[in-house]
Amino acid sequence: MISVSEAKSILEKNTLKGKITFLPLEEAIGHVVAEDIFSPMDVPSFDNSAMDGYAFAYDPNSLNSFPVEGEIAAGSIPKGTLGKGKAIRIFTGAPIPAGADTVIQQEWVQRSNDQITFDIGKVKQGDHVRKKGAQTQAGTKILDAGSLITAGTVGLLASVGIATVGVFSTPSVGLIITGNEIKEVGQPLEFGQIYNANGPLLIAYLRYLGVEKIETFKVDDQPNIVKQAIDKALAIHDIIIISGGISVGDYDFVKEGLENTKVSELFYKIKQRPGKPIFAGKKSQQLIFALPGNPASVITCFNQYVKPSILQWLGKNNVWKPQVTLPLESDVNKNADLTFFLKVKIIDGQVKVLEGQESFNLKAFAQCDGFALIPEGISHMQKGEKVAIYLW
Ligand SMILES: Nc1nc2c(c(=O)[nH]1)N[C@H]1C(S)=C(S)[C@@H](COP(=O)(O)OP(=O)(O)OC[C@H]3O[C@@H](n4cnc5c(N)ncnc54)[C@H](O)[C@@H]3O)O[C@H]1N2
Ligand code: MOO
């Protein structure tokens, strides 16, 4: 059995990034930029006015009075060169005409017919002129590979005329739900049967991460049926997630099925609770996770191992680290041989360990903000000691 940190480092080394694919800007939000992006143009691409007002050539010794000749609206092309000592009516976003270098906003001038008057002493050369290239110069890097695409990123790329962005493609997932006792929600339950909680929760968690292509295989606990489902899923999908059947019972056929489909083992069993009998494997570029069937194991293992692997696939950084470290609200006792993952709620900056930590119990999951990692080698932690929290 390996430790939690060994398991994470094996997955970090073995998870590849998705293929680079180009998305229209509006669809790229939440993805990560796959390659450095350079601007094809200057922005602004011409000197333009930041105010509605008057453009003129600055001269500290000029008179305070200027005749106004013509106007330039945004989107129009200035004609000719503005003469010295003259002003032109200009609007926000309109090009600065040749001969002008400064804009005064209209609130600062008195206009009488075609003459404006203002105090030249209050103006600086270049006022309210947005210079060509002030935001971005052609050929300069505007985004580093690995940057998260936000609404701001989309705005920046559109401003330099880029319509599509290269991102790492989202993996497609084959989801295999094992168990003779498992019934779908909506069907009547007979004695001994339970509802399929793992299927819906895994689909929901995958969608939350942006995974759209999900195919579910529901299989009974029979060796040939389990193997067939693994084969089918491997033929199509990038990541295979299996729920249940990975422990040592007489009806657990997942390990055998994975061996028979030539999946190579990265690890089997981690010194942790819940989720000890987790399996991770690889086949060419594909990743395979067999999650122990108890719902707490499925959710916790997904949060700790599957989610970071998917985020790494999508090119995201720092995916293996906890999001916050916060003090415990009360003491915690545990078995020192294992890492414990506890469902916790964050209340006023303190970590409250929730009731109902058993592996079958889903109640605390509906209340928790995330999972506190209580490390291996420790049997007691005191109120106030800080713990690493992995949020949903
Ligand atoms: N002799 C041993 N028995 C068990 C061990 C062990 O080390 N030695 N480990 C225990 C631990 S820890 C876990 S976790 C489970 C994992 O077992 P499996 O992966 O083989 O899972 P199953 O036996 O198929 O199911 C376990 C449990 O979860 C329920 N389940 C399964 N699928 C679903 C589903 N889709 N939705 C809701 N609940 C599900 C299932 O009915 C079982 O109650 O093994 C322990 N045993
Ligand atoms: O790994 Mo399990 O501790 O029963 O969920």
Side-chain angles (χ1 to χ4, degrees), residues 1-12 194 197-198 201-202 204-205 208-209 243-244 246-248 267-280 289-312 317-392:
M1 262 203 291
I2 60 170
S3 68
V4 167
S5 54
E6 283 167 326
K8 288 181 180 177
S9 113
I10 291 171
L11 285 172
E12 187 172 7
I194 61 163
N198 294 345
L201 81 83
L202 283 167
Y205 215 157
Y208 171 68
L209 301 181
S243 149
I246 190 62
S247 187
V248 293
F267 55 77
Y268 178 45
K269 296 189 176 168
I270 303 178
K271 285 183 269 175
Q272 64 179 12
R273 182 174 300 159
K276 185 178 69 176
I278 179 179
F279 171 98
F289 295 93
L291 309 181
N294 277 316
S297 305
V298 166
I299 300 184
T300 311
C301 290
F302 189 97
N303 174 269
Q304 290 294 307
Y305 307 104
V306 183
K307 174 187 166 190
S309 300
I310 291 176
L311 295 181
Q312 186 173 321
N317 296 318
N318 295 324
V319 298
W320 298 95
K321 294 195 178 130
Q323 284 76 44
V324 278
T325 303
L326 290 170
L328 283 166
E329 191 205 45
S330 52
D331 290 13
V332 171
N333 292 308
K334 67 178 261 292
N335 172 347
D337 297 336
L338 304 173
T339 294
F340 271 34
F341 293 103
L342 301 176
K343 288 145 256 182
V344 295
K345 189 147 190 70
I346 300 168
I347 301 171
D348 296 333
Q350 291 201 312
V351 178
K352 181 184 169 62
V353 176
L354 294 166
E355 296 285 319
Q357 294 287 337
E358 308 89 347
S359 280
F360 70 91
N361 195 336
L362 278 153
K363 224 158 101 181
F365 283 110
Q367 299 157 30
C368 78
D369 294 312
F371 306 85
L373 183 154
I374 316 289
E376 191 187 325
I378 289 179
S379 60
H380 180 75
M381 280 188 89
Q382 274 183 326
K383 174 183 163 137
E385 280 192 77
K386 286 192 167 177
V387 284
I389 310 289
Y390 296 81
L391 299 173
W392 277 108

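Considering only heavy atoms from C-beta on, F340 stays 4.5 Å or farther from F371 through its side chain. The closest side-chain heavy-atom distance from Q304 to K8 is below 4.5 Å. Side chains of L373 and F341 form a contact here, defined as non-hydrogen atoms less than 4.5 Å apart. Considering only heavy atoms from C-beta on, F289 comes within 4.5 Å of S309 through its side chain. Considering only heavy atoms from C-beta on, I378 stays 4.5 Å or farther from V332 through its side chain. Using a 4.5 Å heavy-atom threshold, the side chains of F360 and I194 count as separate. With a 4.5 Å cut-off on side-chain heavy atoms, Q272 and L338 do not count as touching.
W320 contributes atom CH2, which lies 9.0 Å from atom CG of L311 (distance to the nearest 0.5 angstrom). To the nearest 0.5 Å, the span separating CD1 on I299 from SG on C368 amounts to 7.5 Å. Atom-to-atom distance recorded for L342:CG and L328:CG is 8.5 Å, nearest 0.5 angstrom. Note that CG of L391 and CG of N303 are 8.5 Å apart. Values are rounded to the nearest 0.5 Å. The line from CZ of F302 to CG of L209 is 5.0 Å long, rounded to the nearest 0.5 Å.
Using modelled atom types, no side-chain atom of N333 and backbone atom of H380 make a donor-acceptor pair closer than 3.5 Å. Between the Y305 side chain and the L291 main chain, no donor and acceptor come within less than 3.5 Å of each other. Proximity of a side-chain donor or acceptor of W392 to a complementary backbone N or O of Y205 within less than 3.5 Å is not detected. In terms of modelled atom types and a separation under 3.5 Å, the side chain of N294 and the main chain of A296 share no donor-acceptor contact. Without hydrogens or angle criteria, Y390 side chain to T300 main chain gives no donor-acceptor distance under 3.5 Å.
Shortest non-hydrogen contact noted between G356 and A364 is O-CB, 3.9 Å. Closest non-hydrogen pair, A372 versus V344, comes out as CB-CG1, 3.6 Å. Scanning both residues, P292 and I278, for their nearest heavy atoms gives CG-N, 3.6 Å. The heavy-atom pair separating G293 from N198 by the smallest distance is O-ND2, 2.7 Å.
For K271, the salt bridge (Lys or Arg N to Asp or Glu O under 4.0 Å) partners are E376, not counting sequence neighbours.
Residues in residues 338-360 take part in these side chain to side chain donor-acceptor pair (under 3.5 Å) pairs, two or more places apart or across chains: E358-N361. Sorted by first then second residue, the side chain to side chain donor-acceptor pair (under 3.5 Å) pairs that include residues 363-373, not counting sequence neighbours, number zero.
When each of V387, V351, I389 is paired with V324, the side-chain contact (heavy atoms from CB on, under 4.5 Å) condition holds for I389 and for no other.
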Pair Q382-D331, side chain to side chain contact (heavy atoms under 4.5 Å, CB included): steps then yes or no: CA-CA 4 Å; Q382 274 183 326; D331 290 13; 4.2 Å; yes
